[in-house]
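Please read the structure below before turning to the comments.
Residue numbering restarts at 1 for every chain, and letters A, B, ... go by the order of the sequence lines. Small disclaimer: the values here were computed from a predicted structure and weren't measured.
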Number of protein chains: 2
Amino acid sequence: MVEEQDEKILSELQKDGRATNQQLAETVGMSTSACWRRVRALEESGVIEGYAALVAREQAGFATSAILHVSLERHDVKFVDEFVARVMKRREVLECFATTGDADYHLRVVVRDMDAYNKFLDEFMFRIPGIRHVRTNVILKEIKTGVALPF
Amino acid sequence: MVEEQDEKILSELQKDGRATNQQLAETVGMSTSACWRRVRALEESGVIEGYAALVAREQAGFATSAILHVSLERHDVKFVDEFVARVMKRREVLECFATTGDADYHLRVVVRDMDAYNKFLDEFMFRIPGIRHVRTNVILKEIKTGVALPF
DNA sequence: TCCGTTTTGGAATATTCTACCGAATTATCC
DNA sequence: GGATAATTCGGTAGAATATTCCAAAACGGA
């Protein structure tokens, strides 16, 4: 479904989401119109979900971030759905994964400062019904934050 | 340094990194030239680190992903630097954070399948010097994978 | 081989970017 | 407060780019 030439396009657009169609066509080695059609097809089929500017977290005023390990009391659909629905709404939660292991969920949360993080815990996380345990791992340093799949 | 109007721009460009300058100018309520200058300033100052196409992981052929908790044996600069340097090179490692808590590092790794993950562990992770412990948490479900800071 | 389908490259047109202008606004100094 | 300097503004024009269209080439199956 995703051909080799598509992977080249995706790889390039992951590195530079604003590359012009001409640059793109040249680097992947096809005509501008063929390239443009492929990109459009990738967008319409949903392989390309969208485009985003990547913003420097600290410079933008978000000094604090953490990884949370969350366990639920019970795993009824009711509680799980409620948890997922609430997490989806909170924009501080950049990522949320259901995982194997001790914790049911791994969350990455980004806020302006520690106060905001405390507030996040008190006013949001601890009020979600069915939470058994929340462990906070404050992020001391971002070694790497990538979005590009390793084609 | 980042003003309110800049935050509007950043917010919009995080949602649509390929929005035209005209759309952008309209949604944030300024002239195209003023808007364009601000965007350029944000790029040149490094607040906007870049732009990226967001690619659907599974559709692109990356079925398996995991979160790794990694602890180092010792924390000499020598070992830490070596670890960081190696992790930076591996494109399967999308994210790496130094954290408080039981593990020293949280990594998110994305690969095509379980075979590739095994290989990643055997041929890369377990060969890094000074590793004390690696715990794998396979990602069962991606609830949310965002890149937009919560302005 | 032949025919139907898909993909291609190139050209034409529509849209957008980018640099530059003078005017307006804001900041600075006396 | 008033004059001046520095910034920021909106509008515009030429260059660059995106997007559509069409005929030709490549492909696949019977």
* Within 45° of the ring axis of B:Phe120 and under 6.0 Å from its six-membered ring centre, is that where the NZ or CZ of B:Arg90 lies? ->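 No, a cation-pi geometry is absent between B:Arg90 and B:Phe120.
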* **A:Gln14 side-chain N/O to B:Val55 backbone N/O, donor-acceptor pair under 3.5 Å** =>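 Not confirmed, A:Gln14 side chain does not pair with B:Val55 backbone.
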Whole angstrom value for the distance that separates [atom2] of [N] from [atom1] of [X]:
| X | N | atom1 | atom2 | answer |
| --- | --- | --- | --- | --- |
| A:Glu3 | C:dT7 | CD | C1' | 11 Å |
| B:Trp36 | D:dG11 | CH2 | C1' | 15 Å |
| B:Arg18 | C:dT16 | CZ | C1' | 12 Å |
| B:Asn21 | D:dC9 | CG | C1' | 14 Å |
| B:Glu26 | D:dG11 | CD | P | 13 Å |
| A:Gln22 | C:dT15 | CD | C1' | 14 Å |
| B:Gln5 | D:dT8 | CD | C1' | 11 Å |
| B:Tyr51 | C:dC17 | OH | C1' | 13 Å |

* Asked: Heavy-atom distance under 4.5 Å between the side chains of A:Tyr105 and A:Val134, does that happen here?
  ->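 The answer is no; the side chains never approach within 4.5 Å.
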* Tell whether A:Ser33 reaches the base of C:dG10 with its side chain through a donor-acceptor pair below 3.5 angstrom. =>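 It does, because a donor-acceptor pair links the side chain of A:Ser33 to the base of C:dG10 below 3.5 Å.
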* Does A:Arg40 make a side-chain N or O approach to OP1 or OP2 of D:dT20 shorter than 4.0 Å? ->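 Yes, because at least one side-chain N or O of A:Arg40 sits under 4.0 Å from OP1 or OP2 of D:dT20.
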* To do: Determine: side-chain N/O of B:Arg38 to OP1/OP2 of D:dC9, distance under 4.0 Å, yes or no.
  =>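 For D:dC9, OP1 or OP2 has a side-chain N or O of B:Arg38 closer than 4.0 Å.
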* To do: Side chain of B:Arg37 only, please: which of C:dC17, D:dC9, C:dG9 is the nearest?
  =>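 The nucleotide sitting nearest to the side chain is D:dC9.
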* For B:Gly17 and B:Tyr51, which heavy atoms make the closest approach, and how far apart are they? ->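 That closest heavy-atom pairing would be O-CD2, 3.6 Å.
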